[in-house]
There are 2 protein chains.
Amino acid sequence: MAVTSGERVRRAAVKLFAAKGFHGTGIRDLAQEAQLSSASLYHYMGTKEDLLAGIMRDSLGRLLTGAERAVAGVTDPAERMGRLVALHVITHARRPEETKVVDDEVRVLSSGARRAVVELRDAYERLWGETIEAGLRAGAFHTPRPEVTRKALLEMCGGVARWYSARGALSLDELAGHYAVLALRALGAREPLAAPDLDVCRAVVASVWGPA
Amino acid sequence: MAVTSGERVRRAAVKLFAAKGFHGTGIRDLAQEAQLSSASLYHYMGTKEDLLAGIMRDSLGRLLTGAERAVAGVTDPAERMGRLVALHVITHARRPEETKVVDDEVRVLSSGARRAVVELRDAYERLWGETIEAGLRAGAFHTPRPEVTRKALLEMCGGVARWYSARGALSLDELAGHYAVLALRALGAREPLAAPDLDVCRAVVASVWGPA
DNA sequence: CGCACTCTATCGATCGATCGATCGGGTGGT
DNA sequence: ACCACCCGATCGATCGATCGATAGAGTGCG
């Protein structure tokens, strides 16, 4: 059994939720994509919303653990920041569907599941915020209103999922490196900018999401 | 007659599409919000999709004319870029609902209406792209892969609609000025950075969308 | 003026289709 | 004999959309 039915359901949901949105995806669409009857779906997914919540918790969890692993033990603020950016960008480029679902469908979650997802996202953003603050204290960064800069950079990097195509001319490393430059420049880091360790970031993404 | 029924329908659609998405908003939701029966809706909106398409065309059109007005006659690339950023940010901060609908619901449009919207968006992005290219040629900007930088900056600035609140501590001018700095730094503009003419940008937004 | 007619704006009722979800009944491996 | 897995049939609710009808504000004519 190469791919289990449960796995097919999960993949169908990620694909369709990303492409048509939660409310735009019907139970029968999911069943067809997963090659199952609509009744059999319920053996795996609970409700449709449970399925969405599971995807979001899982994807956000992987993003968060990935970020923690990528910066573990790194003290230099610029290197930390560069790695956070690269990990974020690589994740969004390699898994645009999961990240689109996470970014666009929070609003459909009812309050219970919403709280868990928002908590994960806040923990993730806190990693960015603390790194920026540390860089400011160390004199490595220079930006007023660091919270605004954090929001801006997160939106910038997350946008990758909306336009990057793996079939394009740009490699993952070029993409991630370029975004790291943009972010560090925006933060007012001193030139010349050192590129973050992309090998580590790529490896962390592979350890969290599986090999490419 | 202070506000016509047609106007109420339009406003209800903008509000609900932004908050719950196109597929998450029912005809009966629209009717209740617009204080009309669901049957009367059809006197004004054509189909539900026509209503969405109209909102998107109108909002994108205003953004595009605003941008053209804001940079008309301006030759200095940094000033042009700063104005484009400021106009974009101010628009997204002042009309988060319209811009959210434009940014998030393109996928539900059927091919006919989709084409018109995508064409408008491409024309808008071309304005950014040409300004960046001009800045590179003039030696005012220094960035590899300007198309990637353009995408990144557009996503960064558009993200404002997802988090900015007019009730927060940040004024529109501070917000727009801050984003202009971030964008110009990312583009590798020479410090010290001159702030764009925010008065003009604010006035243009008011001329296109009405006074605040 | 008064009457017939038209047009806009609105409604309650209802259409066929589709929604998410459930039920009871298989089938096949252990 | 059990249990995980899967399905056809079907549920009540809701979907987007349309129906025929009405109230009221004009409009043209004798």
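Since the model is a prediction, treat every value here as computed from it, not as a measurement. Chain identifiers are assigned alphabetically (A, B, ...) following the order of the sequence lines, protein sequences preceding nucleic acid strands; residue numbering begins at 1 within each chain.
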Shortest side-chain distance from B:Tyr42, nucleotide among D:dG16, D:dC19, C:dA21
D:dG16
Nearest to the side chain of A:Arg28 - D:dG16, C:dG20, D:dC7?
C:dG20
Rounded to whole angstroms, how far apart are [atom1] on [X] and [atom2] on [N]?
X	N	atom1	atom2	answer
B:Lys48	D:dT18	NZ	P	14 Å
B:Gln32	D:dC15	CD	P	12 Å
B:Lys20	D:dT14	NZ	P	13 Å
B:Leu36	C:dG12	CG	P	11 Å
A:Leu51	C:dA21	CG	P	10 Å
B:Ile27	D:dT18	CD1	C1'	12 Å
B:Met45	C:dT10	CE	C1'	15 Å

Using 30° and 60° as the class limits, which term best fits the ring planes of A:Trp128 and A:Tyr124: parallel, tilted or perpendicular?
tilted
Between [X] and [N], does any side-chain N or O lie under 4.0 Å from OP1 or OP2?
X	N	value
B:Ser5	C:dA9	no
B:His43	C:dT10	no
A:Ser37	D:dG8	no

Base, sugar-phosphate alone, or nothing: which one does B:Leu41 contact when heavy atoms must sit under 4.0 Å apart?
nothing
Under 4.0 Å between any heavy atoms, over every strand shown, what does B:Ser38 touch: base, sugar-phosphate, or nothing? Just pick one.
base
Smallest heavy-atom separation, A:Leu198 atom then A:Gly177 atom, equals CD1-N, 4.2 Å
Salt-bridge test for B:Arg83 and B:Glu79: reply yes if a basic N is under 4.0 Å from a carboxylate O, no otherwise.
yes
Can you tell whether the side chains of A:Lys20 and A:Asp29 come within less than 4.0 Å, N to carboxylate O?
yes
For DNA chain C, whose closest nucleotide is more 5', that of A:Ala39 or that of A:Asp29?
A:Asp29
On DNA chain D, more 5' by nearest nucleotide between B:His23 and A:Gln35 is A:Gln35
A:Arg94 to A:Trp209 six-membered ring, cation-pi geometry met (6.0 Å, 45°):
no
